[in-house]
Amino acid sequence: MILTLIIGIIVIVSEFIPHPPFGRLTQTFESWFLIIFGFAIILGQISLVQVNLNKISRREENWIYHLIGLISLFVMVVFGLLWGTLETGGLLGQGESIQAAIGTKPFDYLFDNVYIPLSATMFSLLAFFIASAAYRAFIIRSFESNLLMITAVIVIIGRTSFGSFLTGWLPERFSFFHIPLLTDYIMEFPNTAAQRAILISAALGVIGSSLRIILGIERSYLGSDK
Amino acid sequence: MKRCFLLFALAVFGFSAFAADIFNILDKPWDEGTELLIKWDLSSVIDSIHISRADSAGVLGIVHVSRDAKGEFTEGKLQPDTTYVYSLIAFLRSPKTSDHVYLSKTDGSALIVTSRQFTNLPDTLKTTLTIDSSPKYVSILKAEGFPTRDWFNRKKLPLLFLLLVLSTGILVFIVLAHRGTDLFIRRINGLDAMDEAIGRATEKGKPILFVPGIGELDDIQTIASLSILSHLAYKAAEYNTNLIVPCKTSMVLSAAREVVKESYLRAGRPDAFRNEQVFYLTDDQFGYVAGIDGIMIREEPAANFFLGTFYAESLILAETGFGTGAIQTAGTAQAHQLPFFVVSCDYTLIGEELYAASAYLSRDPQQLGSLKGCDFGKIVLISMIVIGVIFEISGSTWFTSMLNMVE
């Protein structure tokens, strides 16, 4: 906790003092963090292998997927070590013969043709989940929910060309009710105001939380209140 | 003797009758070493001046143009502790030859090189340049500048003042709480429902899932999340409920494992803790959420807690958990993800409530005092906003320009 106090005060002070050594302290600490992070990666990999091996050895339900996961991990590590990735060579060089056969290095091939599509698949689930969440959220029940519903309809329609089509005929003096302009107004003013209010309160929470941690008042993140 | 004195006086008078041109480069005081103050005071009648800075090859590039014989200019975005050579070229109104060649580039910018440099330029470059013969007379002054980092960056003075005010307020309330002053803290439903969620999981015989977010350990939201995990793990140990904590980064894994282990120890159940409860999944964002979704569908936890930093994966997590019928509590300071959590979760900790959670759960007077201090900070900021709006409406901008000093 003494270390937390000293480092915390130094980092705060260095924010206002550009003169060396304070001006470079934050970058120095960040470099130290990256070095420690590099070693900590090993801990994560050990945990991953242990958990999956335990499930495989006990033949738990769906253990085959844990085996596939481990095999995938080792295959990528081996390919990366042996032939490298992109311009970086591996232990066996750049793997020109393999590149001639499949067009790219094995690691990059699996990354581009397996990992990227899988990642995109997970990301694409958002479209369906947004629809289901919106279906549940937009219910006309109370004044606030009515307001939410009306605002949501205006913003959804305003973001499409249908919104321009619906109210494009309005004369200039009623242009405020043009749905795309109404949408922009809602996003620029009420929405931004609410987000800023949340950000301000969150920033104050960060200051309070940081002070508690620096002064040693809060120690539960270490696992103990005493 | 008298004759020598008279000659000396005449020489001094002669020099003082013709005021010298002044061209100075000064380090901007109280900054972070990225600005230089360029001052000039020319005695002659000028048409215009060009101030140029030499690059590493010695080629001058114009940084400022003026028609004033006297003035100053601040150049920023410089590298600290580096010598910069400046040249002031004054275009006067009487003819004189010059050793410099004044060139115009096709993009409209100007370049000034010596005659020798011009001779050595490659022909392909010369064809893109036009010699500008319009200046009748060029007077050149040179000076050097050396920006240095100072002991205080004055542009951050408003920030320092605000930080001191807010910190003092928080410390005052901590001291008041320590002395036993009763401080009212409003209820936070999401935190009050934590016990209910754990009880429900215990009754159903199902595990509790705690997701500490995708932030690194240096993210304050992750620290706040681990603080809540400490309380949650203590309760889970007391009720003998299984706790699952998948982590995205190794550093968070190490910290979370220690937190849970210590909590089980405090609850008197060290034997119940297993290392497999807190495990590493993957560093990849969507790989992490895919793994957690798999855990939710296979293990069917009765209570899900999503507390920490979340981005695009927030809705995937919350909707999948909603589909399994679990009671869900989420908390993040990411304003863009809060709507997704509000829609899909039973309880949501919004922004500051996440940071207040540890103090709220522990009921420690000193920690609760800091929450009141944050409320004091809100009053200060609201007052500043109102004052700023009044000043702006009345046409006075000094208040907002003072706050705009901060970069």
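Residue numbering restarts at 1 for every chain, and letters A, B, ... go by the order of the sequence lines.
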Please flag which part of B:D81 lies under 4.5 Å from any non-hydrogen atom of chain A: side chain, backbone, both or neither. side chain

For chain A, which candidate among B:F152, B:F322, B:W30 shows the most heavy-atom pairs at distances under 4.5 Å? B:F322

Evaluate the side chain to side chain contact (heavy atoms under 4.5 Å, CB included) criterion for residues A:I217 and B:D364: first the C-alpha distance (whole Å), next the side-chain angles of each, then the deciding distance (0.1 Å), finally the verdict. CA-CA 9 Å; A:I217 297 171; B:D364 177 47; 4.1 Å; yes

Please tabulate, one pair per line, all N/O donor-acceptor pairs under 3.5 Å involving side-chain atoms of residues 283-290 of chain B, not counting sequence neighbours.
unit_1, atom_1, unit_2, atom_2, d
B:D283, OD1, B:Y280, OH, 2.6
B:D284, OD1, A:Y115, OH, 2.1
B:D284, OD2, A:Y115, OH, 3.2
B:D284, OD2, B:F286, N, 3.4
B:D284, OD2, B:G287, N, 2.8
B:Q285, NE2, B:E313, OE1, 2.6
B:Y288, OH, B:P246, O, 2.7

Relative to chain B, which segment of A:L126 carries a heavy atom at a distance below 4.5 Å: side chain, backbone, both, or neither? both

Which atoms of B:L171 are under 4.5 Å from chain A, going by heavy atoms: the side chain, the backbone, both sets, or neither? side chain

B:I174 portion near chain A, given a 4.5 angstrom heavy-atom threshold: side chain

Relative to chain B, which segment of A:I130 carries a heavy atom at a distance below 4.5 Å: side chain, backbone, both, or neither? both

Among B:W151, B:F279, B:F340, which residue forms the greatest number of heavy-atom pairs with chain A at distances under 4.5 Å? B:W151

Part of A:F22 within contact of chain B (heavy atom distance under 4.5 Å): side chain

Got a sec, which pairs hit side chain to side chain donor-acceptor pair (under 3.5 Å) with one end in residues 10-22 of chain A, sequence neighbours left out? A:S14-A:T26, A:E15-B:K156

Among A:S210, A:S119, A:A133, single out the residue with the greatest number of heavy-atom pairs under 4.5 Å to chain B. A:A133

Using non-hydrogen atoms only, which part of B:L338 is less than 4.5 Å away from chain A: side chain, backbone, both, or neither? side chain

Interchain contact, A:L118 with chain B, by part (heavy-atom threshold 4.5 Å): neither

Proximal component of B:I170, with respect to chain A [non-hydrogen, under 4.5 Å]: side chain

At a heavy-atom distance under 4.5 Å, which candidate from B:L166, B:D218, B:I350 has the highest pair count against chain A? B:D218

For B:I220 and A:S209, work out which heavy atoms get closest and say how close. CD1-OG, 4.0 Å

Atom group of B:L160 that falls short of 4.5 Å from chain A, counting heavy atoms: both

Could you look at B:S254 and say if it's the side chain, the backbone, both or neither that has a heavy atom under 4.5 Å from chain A? side chain

Whatever's closer than 4.5 Å to a heavy atom in chain B on A:L73 counts as neither

Among A:I41, A:I12, A:L125, A:N62, single out the residue with the greatest number of heavy-atom pairs under 4.5 Å to chain B. A:I41

Interface moiety of B:L265 toward chain A, non-hydrogen atoms closer than 4.5 Å: neither

A:A137, A:G69, A:A203, A:S201: which one forms the most heavy-atom pairs within less than 4.5 Å of chain B? A:S201

Region of B:I223 in contact with chain A, defined by heavy-atom distances below 4.5 Å: both

What part of B:E216 is in contact with chain A, defined as an atom under 4.5 angstrom from a non-hydrogen atom: side chain, backbone, both or neither? side chain

